[in-house]
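Right, one structure below, let's go through it.
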Amino acid sequence: MSDTADQELAERARKLFAGPVTFLKSAPGLQFLPDAHAPEIAFAGRSNVGKSSLLNALTNRNGLARTSNRPGRTQELNFFDVGEPIQLRLVDMPGYGFAEAPKDLVKRWRFLVNDYLRGRAVLKRALVLVDSRHGLKEVDRDIMRMLDDAAVSYHIVLTKGDKVKPTALGALYETTMVEAAKHPAAHPAIFTTSSETGSGIAELRTAILTAALDQ
Ligand code: GDP
């Protein structure tokens with residue numbers, strides 16, 4: 001793509017996310033999913049990875065996604081409509097990796113997420129959020145494998161980039177790239193973001209719009 005086309009897309013993404021964003025619904029089971037009439041981008045990550053903060057930063061508002069550190073707080077898929085008329089939908093998937101959660105809760109999470117990932121034709125991309133201070137953990141690899149198996153393309157997003165030194169962040173970026181390359185559905189573009197400083201947020205907005213426009 002030319003530089004001008006890139007800039008146009010970035011501007012379109014900026015405008016889109018600055019416009020109307022509304023919470024549509026929570027789906028505690030597949031029978032509650034909304035009609036599939038807009039491209040969807042799903043957010044996955046361990047509890048406390050900074051998912052609510054990232055959703056708020058992307059959409060430039062506070063309190064769109066509830067910020068809470070309670071592990072396993074959401075056992076449902078939350079849908080947000082972006083644009084009026086709707087251009088795309090952001091899907092906040094339940095947090096995972098709550099070691100202290102009861103086994104049946106973890107099992108329920110796997111069923112819900114797996115069914116959604118495998119059955120949703122409008123799902124264009126997933127974002128796998130990884131805390132920059134910790135890097136990829138086994139639970140992250142687990143969801144990466146679920147996405148590989150469901151053939152859902154995903155970007156890894158390193159969150160809370162402001163919490164680590166630039167050199168450490170650079171090193172983490174490199175090792176994450178190497179590991180992602182071994183996963184068939186991992187997209188080669190990896191993002192580093194900070195919801196605190198706003199770094200990487202505009203780039204991620206553009207990537208989300210690009211994925212949504214992908215036929
Ligand atoms: P969630 O459980 O994944 O939704 O995570 P939250 O968005 O609730 O964030 C968990 C904690 O990390 C909160 O205390 C946030 O303020 C903090 N946090 C989230 N993103 C960032 C970030 O980019 N930078 C910093 N410094 N803290 C963050």
Side-chain angles (χ1 to χ4, degrees), residues 13-14 17 21-28 40-82 89-102 105-106 108-110 112-113 116-117 125-144 146-147 154-173 176 189-208:
R14 189 190 66 75
F17 281 91
V21 179
T22 50
F23 171 71
L24 175 65
K25 71 181 299 191
S26 287
E40 292 176 353
I41 311 294
F43 290 63
R46 306 168 69 196
S47 308
N48 210 32
V49 72
K51 185 148 54 71
S52 313
S53 304
L54 185 65
L55 281 161
N56 288 335
L58 284 167
T59 56
N60 240 320
R61 43 214 102 188
N62 295 322
L64 179 77
R66 288 159 294 161
T67 303
S68 156
N69 296 330
R70 247 177 326 121
R73 119 201 88 114
T74 41
Q75 281 298 305
E76 47 204 23
L77 300 158
N78 296 302
F79 293 81
F80 300 91
D81 286 354
V82 181
R89 215 165 246 167
L90 304 178
V91 185
D92 181 3
M93 300 214 285
Y96 59 82
F98 28 92
E100 66 277 35
L105 204 69
V106 177
R108 226 187 102 212
W109 174 87
R110 284 194 78 90
L112 176 64
V113 170
Y116 169 72
L117 295 178
R125 187 145 304 158
L127 305 180
V128 176
L129 277 46
V130 175
D131 193 317
S132 293
R133 293 168 304 176
H134 309 311
L136 285 171
K137 296 279 180 207
E138 211 36 51
V139 283
D140 301 314
R141 297 186 179 105
D142 188 37
I143 189 131
M144 287 165 75
M146 279 167 74
L147 289 159
Y154 55 95
H155 289 296
I156 294 177
V157 178
L158 301 171
T159 63
K160 307 189 192 180
D162 60 289
K163 291 246 194 191
V164 294
K165 294 208 170 76
T167 44
L169 193 58
L172 176 68
Y173 181 87
T176 310
I190 291 178
F191 294 85
T192 54
T193 59
S194 165
S195 303
E196 199 72 19
T197 68
S199 98
I201 299 296
E203 290 81 356
L204 193 56
R205 283 191 196 118
T206 307
I208 288 171

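Both counts, for ligands and for their atoms, begin at 1 and track the order of listing.
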Can you list the atoms of ligand 1 that are under 4.0 Å from a heavy atom of [X]?
X    : answer
N48  : 1 (P), 2 (O), 3 (O), 5 (O), 10 (C), 11 (C)
K163 : 25 (C), 26 (N), 27 (N)
S194 : 23 (O)

In the structure I gave you, are the side-chain heavy atoms of L147 and I143 within less than 4.5 Å of one another anywhere?
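In short, these two side chains touch, coming nearer than 4.5 Å.
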Look only at interatomic distance and state if T193 has a nitrogen or oxygen under 3.5 Å from any nitrogen or oxygen of ligand 1.
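Between T193 and ligand 1 (N or O atoms, distance only) the closest approach is not under 3.5 Å.
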Structural part of D162 in contact with ligand 1, heavy atom criterion under 4.0 angstrom:
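It is the side chain that touches ligand 1; the backbone stays farther off.
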Is there a donor-acceptor contact under 3.5 Å from the side chain of [X] to the main chain of [Y]?
X    : Y    : value
K163 : D131 : no
R46  : D140 : no
S132 : T159 : yes

Inter-residue atom distance S52.OG - L64.CG, 0.5 Å rounding
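With rounding to 0.5 Å, OG (S52) is 9.5 Å from CG (L64).
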Taking a cutoff of less than 4.0 Å between a non-hydrogen atom of the residue and any ligand atom, is T159 in contact with ligand 1?
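Not so, T159 does not reach ligand 1.
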Side chain to side chain contact (heavy atoms under 4.5 Å, CB included) partner of T193, the single match among L58, L204, L129:
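It is L204, the one option of L58, L204, L129 that forms the side chain to side chain contact (heavy atoms under 4.5 Å, CB included) with T193.
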Name the option, out of S53, G161, G198, S52, that contains the heavy atom nearest to atom 16 (O) of ligand 1.
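The nearest heavy atom belongs to S53.
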